[in-house]
> 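I'd like to ask you about the structure that follows.
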Amino acid sequence: MSSAIESLELFPRKSSEKTTLSKSSPAKDDTKVEEGVLTYLDIDGLGTVTRDEVIGDYNADESPFAEVRAVASGTDDPDTPVNTLRMWLLGFLFTILGSGINQFFALRYPSVHIVSLVAQLIAYPLGVALAKTLPLYTVNLGPLGQWCINPDRHFNIKEHTVITVMSNVSFGFGSADATNIIQAGKAFYNFDLKPGFSVLIVLCCQLMGLGVAGLAAPWLVEPASIIWPGVLSNCALLSTLHTRANAMANGWKISRLRFFMYVMVGAGVWYFFPGLMFVALSYFTWVCWIVPDNLVVNHLFGMVTGLGLSPITFDWSQIAYNTNPLLSPSWAAMNVFAGFVIFFWIVTPGLYYSNVWFTAYLPICTAELYDNTASVYNITRVMNSDGTFNVAEYEAYSPSFLPATFAFVYGISFAALTAVPVHIYLWHGKEIKDAFAGRTKLDIHARLMRLYKQTPWYWYGAITVVVLVASMLMVHFYHTSLPVWAILLATIIPAIYIIPCGIIQGITNVNANQLNVLSEFIAGYMFKGRPLANMIFKIMSTDVVGQGLYFAQDMKLGHYLKVPPRTLFFAQGSATILGALTQVGVTLWMLGNVKDICSSSQADGFTCPNGRTVYSSSVIWGAIGPARVYSIGRIWSGLLHFFWIGALMPVITFLLYKYLKKTDGTHRDWLQFINWPLIFVGTYNVPPATGINYSSWALVNIVFNHWIKRKWFAWWSKYNYVLAAALDTGLALSALVIFFCITYPGGVFPDWWGNTVYMNTADGNGLPWLQLPKSGRFGPANGTWH
């Protein structure tokens, strides 16, 4: 249903409201755009191009979607040099530095994560400097031809794009998830994991993601409707740095570069207040400050362990905690927020105050696992020294209990797992079939990219097959207790979910990958009592989809900015291998050389928080196992109903849209905006996220991507994605300064009311609704669980 996708891109202006600038008439500084959209501004001096606000014209010289037209040009110069020495030098430099630095601090709490926008910003002056200083020289490579290592003195946007893509392997997404297995296995289980295994597990996960992303490109990269909102801020920053033209938009003359710098500096300076000097501006729970001991008020309005029933915060890191709100379409934001309101502001309080699953004895919203004394579950107590599960000690100790939000979010995740493929099949089945048959409707970007020599699908297929075989050999020869056939099962899951998850994220910027729950569930039943097998199965299924979506998103960035596909293939492949080796090397070095590494009392804070989480999860799902809590008659068995609920709801909505028509025979268009995958999956980050991270996110999204977009379309087109990039970049730079200059050296800001008031409440202290019984325990009687 291509019409559905096109109409969701929304709020098209009248066809008469359009502005056209031809190549023969480049935009000058006084160019005025009052009702139109400035979609692209003079990249590399090519001049502006035809602009048209009509939505859905795939044959036009610009993208049919306003979001893409705002940041990416429908023109290309195929002679622009990309495969240059300066590009490869900076790409490899940022890959090594980003992988090493992010991995080093990933083992620390509190940590810091250098994001890709920072690398993208720093790469620009370095690229310009190399273009000015490297000799203009051509190397003769014999049979391979000639290579012009520095073709000119101009660092162009395509080179910058490839550097950004290579940086994204390390900067963009932090530590490779597979390194957490190394931490959990060596530091917590004391398994004798060989260096070869450590290298292979990370390489296999990363390269498998690249392989499946390339194979899925006809569905996730080439279609114009899969716009990947997450890369639009990258496109905006790239075009801002390489653009000199400046068109007036709704009376605003300031250039996008100047606008970016002002906002970035302002956001960076401001973050010192909520991030360091006045933290209460971040956790602005003013109602709780008035009645700090009122449990109900603190449960509902608190932002530390409460439900955050307020949209007020002055901290961009809270607003953009899940994703940047300026990137998602408004209809998607409303689906996500509606799901949060229903499940966590209506259903969860009902469960909590009714003491369902004994949740009223616990804080309402935390990410901890508890025992029957309301203390954090002592996992080491139920584990033997060899890493096996001690059943007798478990029966003598306590079953596990989850807070209301944490327990309920598993049910919502079950619904998402079935809703995602069903929804995609019903609403997007035709596009999937058309792409398979090579009948995808091409927009200007796809048509221009077809002019380049394509990367053969079998290159990605070969990577996938080689990695699959390597994974099988790895689990067999390193005695992981995971059967070889389990690797095949683990790869079937990504094969099923990569396209549905990619379509949802590519349209809405909402991560629909909930395979961690599915893989934990399957592995918990099939490999009970084998924690290493459980961890490998989970990472091989979940991380392949996660990494694959990251790679597909970067491919779309290259697609928008016309990077030759084969150059992008080698850039992504080489950066993946180099980044993986760097991260493994840093992890192994730290585990072998940092004193008391991964200990909760480690002097410098290197407590391995991610490795600890993976360890705890492997114990819960691999040792205690889902059978003890989800099988029929167990405490959370009722949540299994969400599997069929998730599959049913998209069917109902689709049938209503198809058959419940108006009296004039037309469809009720509002029904196609009900997106059950978003309703179910949008709240995946609860906990630790609370209501403030969703209400403030939705409010900002509606203001900019609905109200401003409709009222001041030209302003929105020119500045919205630049604003998104500037706010994120300013926050990231400020966080780096605070961390490296204050936090890491051991400095602290003096305690005062503004930094403690939000913690001196029932919310800050995590107080539950019910006090423990006189026995000091709640739940089933001792000896009745097993």
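Hydrogens, waters and symmetry mates are skipped; everything else that's a heavy atom, side chains included, is used.
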> Just do the side chain to side chain contact (heavy atoms under 4.5 Å, CB included) check on V681 and V510 with the steps written out, would you?
CA-CA 8 Å; V681 84; V510 176; 4.1 Å; yes

> Indicate whether any N or O donor in one side chain lies under 3.5 Å from an N or O acceptor in the other, for Y397 and D371.
yes

> Answer whether the closest heavy-atom distance between the side chains of W345 and L300 falls below 4.5 Å.
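In short, these two side chains do not touch, never coming nearer than 4.5 Å.
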
> Taking the six-membered ring for Trp, are the ring centroids of W769 and Y353 within less than 6.0 Å of each other?
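So the answer is yes for these two rings.
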
> Quick one: closest heavy-atom pair of N355 and Y361, and the distance?
ND2-CE1, 3.6 Å

> Answer yes or no: is there a side-chain heavy-atom contact under 4.5 Å between F749 and D751?
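When only atoms from C-beta onward are counted, D751 and F749 do not touch, as no gap falls below 4.5 Å.
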
> State whether a side-chain donor-acceptor pair under 3.5 Å links T683 with N685.
no

> Would you say the side chain of N390 lies within less than 4.5 Å of the side chain of M383, judging by non-hydrogen atoms?
no

> Evaluate the criterion ring pair (Phe, Tyr, Trp, His ring centres under 6.0 Å) for residue pair W752 and F278; output intermediate values, then yes/no.
CA-CA 9 Å; W752 70 291; F278 195 171; 5.0 Å; yes

> Are the side chain of T366 and the backbone of P363 linked by a donor-acceptor contact shorter than 3.5 Å?
no

> Find the distance between OH (Y721) and CG (N324) and round it off to the nearest 0.5 Å.
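These two atoms lie 10.0 Å from each other.
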
> Is N765 reaching over with its side chain to a backbone N or O of L767, donor-acceptor style, under 3.5 angstrom?
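No; judged by distance alone, with no hydrogens or angles, the pair does not exist.
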
> Within the side chain of N298, is there an N or O that forms a donor-acceptor pair under 3.5 Å with the backbone of V291?
yes

> Using a 4.5 Å cut-off on heavy atoms from C-beta on, say whether the side chain of I679 contacts that of V336.
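No, side chains not in contact.
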
> Could you pull out every donor-acceptor pair under 3.5 Å between side chains of residues 729-741 and any protein atom, sequence neighbours left out?
residue	atom	partner	partner atom	Å
T729	OG1	A725	O	2.6
S734	OG	G268	O	2.8

> Considering only heavy atoms from C-beta outward, does the side chain of P325 approach that of W316 to under 4.5 Å?
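Result yes, sub-4.5 Å side-chain heavy-atom pair found.
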
> Let me confirm one number: the CZ-NZ distance from F704 to K709, rounded to the nearest 0.5 Å.
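With rounding to 0.5 Å, CZ (F704) is 14.0 Å from NZ (K709).
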
> Apply side chain to side chain donor-acceptor pair (under 3.5 Å) to residues S618 and Y189 and explain how you reach the verdict.
CA-CA 11 Å; S618 69; Y189 280 116; 2.7 Å; yes

> Check the pair S233, L327 against side chain to side chain contact (heavy atoms under 4.5 Å, CB included), reporting the backbone distance first and the verdict last.
CA-CA 8 Å; S233 60; L327 302 182; 4.1 Å; yes

> Between N675 and L678, is there a donor-acceptor pair closer than 3.5 Å when you use the side chain of the first and the backbone of the second?
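Present.
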
> Could you tell me if N168 and S116 have a donor-acceptor pair between their side chains, going purely by distance under 3.5 Å?
yes

> What heavy-atom pair brings I692 and P311 nearest, and what distance separates the two atoms?
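Heavy atoms only, the tightest pair is CD1-C, 3.5 Å.
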
> Can you name the closest pair of heavy atoms from N509 and P229 and give their distance?
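Looking at all heavy atoms of both residues, the closest pair is CB-CB, 3.8 Å.
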
> Output every pair passing side-chain hydrogen bond (donor to acceptor under 3.5 Å, both in side chains) with a member in residues 770-780, not counting sequence neighbours, ordered by first then second residue.
N372-R777

> Do W270 and F273 have their ring centres less than 6.0 Å from each other?
yes

> Does the separation of the ring centres of Y630 and F521 fall below 6.0 angstrom?
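Close enough - the centres of the two rings lie under 6.0 Å apart.
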
> Measure from the side-chain N and O atoms of Y694 to the backbone N and O of G682, and report whether any donor-acceptor pair falls under 3.5 Å.
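Yes, because the side chain of Y694 sits within donor-acceptor range (under 3.5 Å) of the backbone of G682.
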
> Starting from the C-alpha separation in whole Å, work towards a yes-or-no answer on ring pair (Phe, Tyr, Trp, His ring centres under 6.0 Å) for F680 and F414.
CA-CA 9 Å; F680 290 129; F414 296 157; over 10 Å; no

> Distance alone, cut at 3.5 Å: any donor-acceptor contact between the side chains of W289 and T285?
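There is such a pair between these side chains.
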
> Answer yes or no: is there a donor N or O on one side and an acceptor on the other, between the side chain of N610 and the main chain of N180, under 3.5 Å?
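Pair absent, no side-chain N/O of N610 close to backbone of N180.
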
> For D763 versus G306, what's the shortest heavy-atom pair and its separation?
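Minimum heavy-atom separation between D763 and G306: OD1-N, 2.9 Å.
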
> Tabulate below the donor-acceptor pairs under 3.5 Å that side-chain atoms of residues 406-413 make, not counting sequence neighbours, or state none.
residue	atom	partner	partner atom	Å
S413	OG	V409	O	2.9
S413	OG	Q514	OE1	2.9

> Please find the pair of heavy atoms, one from L362 and one from P768, that lie closest to each other, and give the distance.
O-CB, 3.5 Å

> Could you label the plane-to-plane angle of the W331 and F673 rings as parallel, tilted or perpendicular, counting under 30° as parallel and over 60° as perpendicular?
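If you compare the ring of W331 with that of F673, the planes turn out perpendicular.
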
> Treating T348 as the side-chain partner and F343 as the backbone partner, does any N or O pair qualify as donor plus acceptor under 3.5 Å?
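Yes, because the side chain of T348 sits within donor-acceptor range (under 3.5 Å) of the backbone of F343.
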
> With no hydrogens and no angle check, is any side-chain donor or acceptor of R612 less than 3.5 Å from a backbone partner on C598?
yes

> Is there a donor-acceptor pair under 3.5 Å between the side chain of S637 and the backbone N or O of R634?
yes

> Is the distance between the ring centroids of F401 and Y370 less than 6.0 Å?
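They do not qualify: ring centres at least 6.0 Å apart.
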
> Is any side-chain heavy atom of Q602 less than 4.5 Å from a side-chain heavy atom of C608?
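Sidechains of C608 and Q602: no contact.
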
> Which residue is it: F643, F642, W636? I am looking for the one with a side-chain contact (heavy atoms from CB on, under 4.5 Å) to L640.
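With L640 as partner, F643, F642, W636 yield a single side-chain contact (heavy atoms from CB on, under 4.5 Å), made by F643.
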
> Closest approach of W228 and L549, non-hydrogen atoms and distance?
CH2-O, 3.8 Å

> Does L351 offer a backbone N or O that forms a donor-acceptor pair with the side chain of S354 under 3.5 Å?
no

> Is it the case that the side chains of S317 and D315 hold a donor-acceptor pair, with the cut-off being a distance below 3.5 Å and no angle test?
yes

> When you measure from the centre of the six-membered ring of Y394, is the NZ or CZ of R628 closer than 6.0 Å and no more than 45° off the axis?
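Verdict for Y394: a cation-pi partner in R628.
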
> Is a donor from one side chain sitting under 3.5 angstrom from an acceptor on the other, for E520 and S617?
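Side-chain D/A pair, E520 to S617: present.
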
> Between L699 and F337, is any pair of side-chain heavy atoms under 4.5 Å apart?
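Result no, sub-4.5 Å side-chain heavy-atom pair not found.
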
> Is it true that Q103 and T587 share a donor-acceptor pair across their side chains at a distance under 3.5 Å?
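Yes, because at least one side-chain N or O of T587 sits under 3.5 Å from a partner of the opposite role on Q103.
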
> Can you confirm whether N693 sits close enough to W697 that some side-chain heavy atom of one is under 4.5 Å from a side-chain heavy atom of the other?
no

